[in-house]
Amino acid sequence: MMEWFYQLPGVNALDSLESFFSFFEVPCEPERLQRASVLILREFRQRLQDAVPLRNSLESDTDPGWQLARRLLNESYLAVCEDQEASYE
């Protein structure tokens with residue numbers, strides 16, 4: 001179900017969580033990213049598996065998959081960091 005993700009140009013070259021954040025231009029705090037990397041990757045993978053990109057044949061946008069993956073990575077980061085922050089309180 002994630003074929004759409006692996007078809008995004010450049011995704012196969014990504015080799016670290018930092019490279020994913022850089023590639024998808026998702027802002028993050030390096031300390032949080034390092035501390036929660038496994039959880040963020042697990043969350044991101046689950047969101048990727050659950051997501052189905054919308055394709056509109058009339059749409060001229062050529063990167064809806066990239067936009068979707070960017071949003072899912074950002075949501076994964078925020079969800080994990082918020083959970084960790086709540087557990088520290």
Side-chain angles (χ1 to χ4, degrees):
M1 285 299 194
M2 291 178 33
E3 297 86 21
W4 66 270
F5 179 72
Y6 294 112
Q7 292 173 359
L8 295 175
V11 164
N12 289 330
L14 303 177
D15 61 359
S16 69
L17 186 56
E18 292 82 4
S19 66
F20 276 86
F21 276 79
S22 177
F23 181 80
F24 288 111
E25 301 171 4
V26 173
C28 66
E29 294 177 37
E31 315 81 46
R32 284 184 155 184
L33 190 62
Q34 192 173 24
R35 192 170 55 230
S37 60
V38 173
L39 295 173
I40 293 168
L41 282 172
R42 186 180 323 152
E43 181 78 19
F44 183 46
R45 181 171 179 79
Q46 184 61 54
R47 289 174 187 256
L48 285 172
Q49 288 175 332
D50 293 344
V52 177
L54 298 175
R55 301 281 186 205
N56 183 343
S57 60
L58 301 176
E59 195 174 283
S60 62
D61 186 7
T62 59
D63 67 351
W66 187 91
Q67 293 291 338
L68 174 61
R70 180 181 192 275
R71 180 176 58 83
L72 296 174
L73 180 59
N74 189 50
E75 289 174 0
S76 300
Y77 172 73
L78 294 174
V80 168
C81 290
E82 287 172 5
D83 284 348
Q84 284 188 340
E85 198 169 288
S87 68
Y88 289 129
E89 292 175 359

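Because the structure is a prediction, the values reported are computed rather than measured.
- Between atom CD of residue Gln34 and atom CD1 of residue Ile40 there is a gap of 11.0 Å, rounded to the nearest 0.5 Å.
- Between Val80 and Glu43 the shortest heavy-atom distance is CG2-CB, 4.1 Å.
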- Task: List the steps and the verdict of side-chain contact (heavy atoms from CB on, under 4.5 Å) for Leu48 and Tyr6.
- Result: CA-CA 11 Å; Leu48 285 172; Tyr6 294 112; over 6 Å; no
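- Residues passing the salt bridge (Lys or Arg N to Asp or Glu O under 4.0 Å) test with Arg42: none are found, sequence neighbours excluded.
- Going from atom CG of Asn12 over to atom CD of Gln7 covers 10.0 Å, rounded to the nearest 0.5 Å.
- A salt bridge links Glu75 to Arg71: at least one charged side-chain nitrogen sits closer than 4.0 Å to a carboxylate oxygen.
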- Stepwise side-chain contact (heavy atoms from CB on, under 4.5 Å) check, Val26 with Phe20: CA-CA 8 Å; Val26 173; Phe20 276 86; over 6 Å; no
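- A 4.5 Å side-chain heavy-atom check between Leu68 and Phe5 finds every atom pair outside the cut-off.
- Within the 4.5 Å cutoff, no side-chain heavy atoms of Glu18 are placed close to those of Phe23.
- For the atom pair Arg32 CZ and Ser37 OG, the distance stands at 14.5 Å (nearest 0.5 Å).
- Formation of a donor-acceptor pair under 3.5 Å by the Arg47 side chain with backbone atoms of Leu73 is not found in this model.
- Inter-residue side-chain proximity for Leu17 and Phe44 is flagged as unmet; no heavy-atom pair is nearer than 4.5 Å.
- Here the shortest heavy-atom pairing between Leu33 and Cys28 reads CD2-SG, 3.6 Å.
- With values rounded to the nearest 0.5 angstrom, Gln67 atom CD is found 10.5 Å from Leu8 atom CG.
- Taking OH from Tyr77 and CD from Glu29, the interatomic distance works out to 4.5 Å, rounded to the nearest 0.5 Å.
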- Task: Would you please test Phe24 and Asn74 for side-chain contact (heavy atoms from CB on, under 4.5 Å) and show each step?
- Result: CA-CA 9 Å; Phe24 288 111; Asn74 189 50; over 6 Å; no
